[in-house]
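Shown next, in structure tokens, is the structure this report addresses.
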Amino acid sequence: MKDTYIFAIESSCDETSAAIIRNGKDVISLTIATQISTHENYGGVVPEIASRMHTESILYVIDDCIKKSGMTMLDMDAIAVTYAPGLLGSLLVGIEAAKVLSLVYDKPLIAVNHIAGHIYANNLEENNINFPSLGLVVSGGHTEIIYLEDDYNFKVLGSTLDDAIGETYDKVARVLDLKYPGGPNIEKYAKLGHPTYKLPIPMNDDSLNLSFSGLKSSIINLAHNEKQRGNEINKEDLACSFQTIAIDELKRKVEIAVNKYKVNNMIIAGGVSANSYLREEMSKLASKYNINLSIPKMLYCTDNAAMIGAAAYPLFKKKEFANFDLNGISTGNIFKF
Ligand code: KG4
Ligand code: ZN
């Protein structure tokens with residue numbers, strides 16, 4: 001069978017990235033230009049700066065990716081791009097670049113949902129999504145336990161009722177005066193601490209829904225009260241206490257889903273899947289129930305275009321192509337593509 005090469009572009013947040021993916025699996029080339037060092041000066045992503053920086057780097061990133069591969073655009077079978085969800089100005093930079101490539105080289109255009117990209121990162125290289133599978137989506141804006149029946153046939157079993165887990169990491173990091181992005185920094189501090197702070201367990205129930213805003217508020221209050229009393233906060237211990245409670249709650253809810261749906265396969269997707277405590281705890285859970293667990297390689301957990309090329313492949317096979325009126329959408333439902 002002839003190989004399929006997809007040229008993919010990702011620019012939904014603070015990474016400009018391009019990749020060439022063979023058959024939705026092999027990463028032939030990948031370039032990522034991150035804006036983190038700029039946004040960390042502001043404590044978070046500044047949308048206007050993000051879109052300007054994408055504009056500055058997109059041509060360089062595309063050029064670098066294709067040059068490294070030793071291939072040309074003529075060798076590609078399709079051009080894929082993230083169209084939702086994300087920062088509108090940032091999405092548009094990638095979308096317009098993809099439209100130009102599609103038009104000039106006469107290649108079909110494929111519109112990819114960013115969260116579907118995180119899910120399909122589980123098909124890259126040695127990883128594989130085996131259907132049916134349970135999925136834990138843990139990103140900056142999403143926290144969902146899902147059931148993956150087949151390609152692009154996903155059902156939400158439970159989700160956060162308020163803050164997403166990644167967002168909670170980022171907000172707790174601010175309380176602790178840790179730099180953006182909060183997740184990796186909280187993880188670093190947590191590794192040096194002990195779970196000595198008593199914090200409330202979020203949603204202490206048996207549903208598959210989650211909630212993190214109560215936990216976040218209790219940390220904000222705790223930090224505020226300690227400050228007023230003139231007491232120092234032990235950042236390492238508070239980071240560790242927060243991470244232990246938050247991840248243990250995620251694990252507890254996934255275990256409820258495992259018992260209910262009795263699957264043989266499980267995947268984890270989204271930026272928070274880069275967290276080593278989560279990776280370890282989910283691996284222990286998978287071993288306990290003899291479940292096949294897929295977690296993307298670290299490089300493919302955070303934003304990158306390789307995952308967009310992987311998610312575009314099932315759409316390419318179904319010939320689900322986009323038109324040149326494709327627009328960016330800032331909010332996006334991962335279950336309506
Ligand atoms: O999936 P992602 O790119 O966001 C969305 O697409 O919405 O992930 C970004 C989120 C941020 O909230 C970041 O703090 C978190 O993932 N994150 C982590 C780690 N690395 C990134 N959270 C915990 N531990 C990490 N190592
Ligand atoms: Zn992402």
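Atoms within each ligand, like the ligands themselves, are counted from 1 in listed order.
- Atom CD1 of Ile256 is separated from atom NZ of Lys251 by 13.0 Å, given to the nearest 0.5 angstrom.
- When Gly183, Gly44, Ser273 are ranked by how near their heavy atoms come to atom 23 (C) of ligand 1, first place goes to Gly183.
- Draw a line from the Zn ion (ligand 2) to NE2 of His118 and another to OD1 of Asp303, and the angle between them is 100° (to 10°).
- Across Phe212, Tyr169, Tyr197, a single residue satisfies ring-ring contact (aromatic ring centres under 6.0 Å, His included) together with Phe242, and that is Tyr169.
- If you look at His142 next to ligand 1, there are no close heavy atoms at all, none under 4.0 Å.
- Remark: ligand 1 atoms within the under-4.0 Å shell around heavy atoms of Ser139 are 1 (O), 2 (P), 4 (O), 5 (C), 7 (O).
- If you check which protein heavy atom lies closest to atom 10 (C) of ligand 1, you get Gly140 N, 3.7 Å.
- Distance from atom 17 (N) of ligand 1 to its nearest protein heavy atom, with residue and atom name: Gly271 O, 3.7 Å.
- The contact set between ligand 1 and Gly270, taken as ligand atoms under 4.0 Å from a residue heavy atom, comprises 1 (O).
- Residue, atom and distance of the protein heavy atom nearest to atom 6 (O) of ligand 1 are His114 NE2, 3.0 Å.
- What sits closest to atom 26 (N) of ligand 1 on the protein, heavy atoms only, is Glu187 OE1, 2.7 Å.
- Between Ala33 and Val61, the shortest heavy-atom distance links the atoms CB-CG2, 3.8 Å.
- In this structure, Tyr147 and Tyr261 have tilted ring planes: the angle between them lies in the 30° to 60° band.
- Distances between N or O atoms of Cys301 and those of ligand 1 include no value under 3.5 Å.
- For the residue pair Asp14 and Gln35, no side-chain donor N or O sits within less than 3.5 Å of a side-chain acceptor on the partner.
- Protein heavy atom in closest approach to atom 24 (N) of ligand 1: Asn275 ND2, 3.0 Å.
- Considering backbone and side-chain N/O of Gly166, one or more are found under 3.5 Å from N/O of ligand 1.
- Between the side chains of Asp162 and Ser211, at least one donor-acceptor pair of N or O atoms lies under 3.5 Å.
- Of the protein's non-hydrogen atoms, the one nearest atom 15 (C) of ligand 1 is Val272 CG2, 3.9 Å.
- When all heavy atoms of Ile115 and Ser139 are compared, the pair lying nearest together is CD1-OG, 3.9 Å.
- The structure places CD1 of Ile28 at 7.5 Å from CD1 of Ile20, a figure rounded to the nearest 0.5 Å.
- In terms of protein heavy-atom proximity, atom 3 (O) of ligand 1 is nearest to Asp303 OD1, 2.7 Å.
- The shortest contact between atom 12 (O) of ligand 1 and any protein heavy atom is with Asp170 OD2, 2.8 Å.
- Under 3.5 Å, the side chains of Gln243 and Tyr189 contain no donor-acceptor pair of N or O atoms.
- For ligand 1, the atoms closer than 4.0 angstrom to any heavy atom of Gly141 are 7 (O).
- Side-chain polar atoms of His114 and Thr82 form no donor-acceptor pair below 3.5 angstrom.
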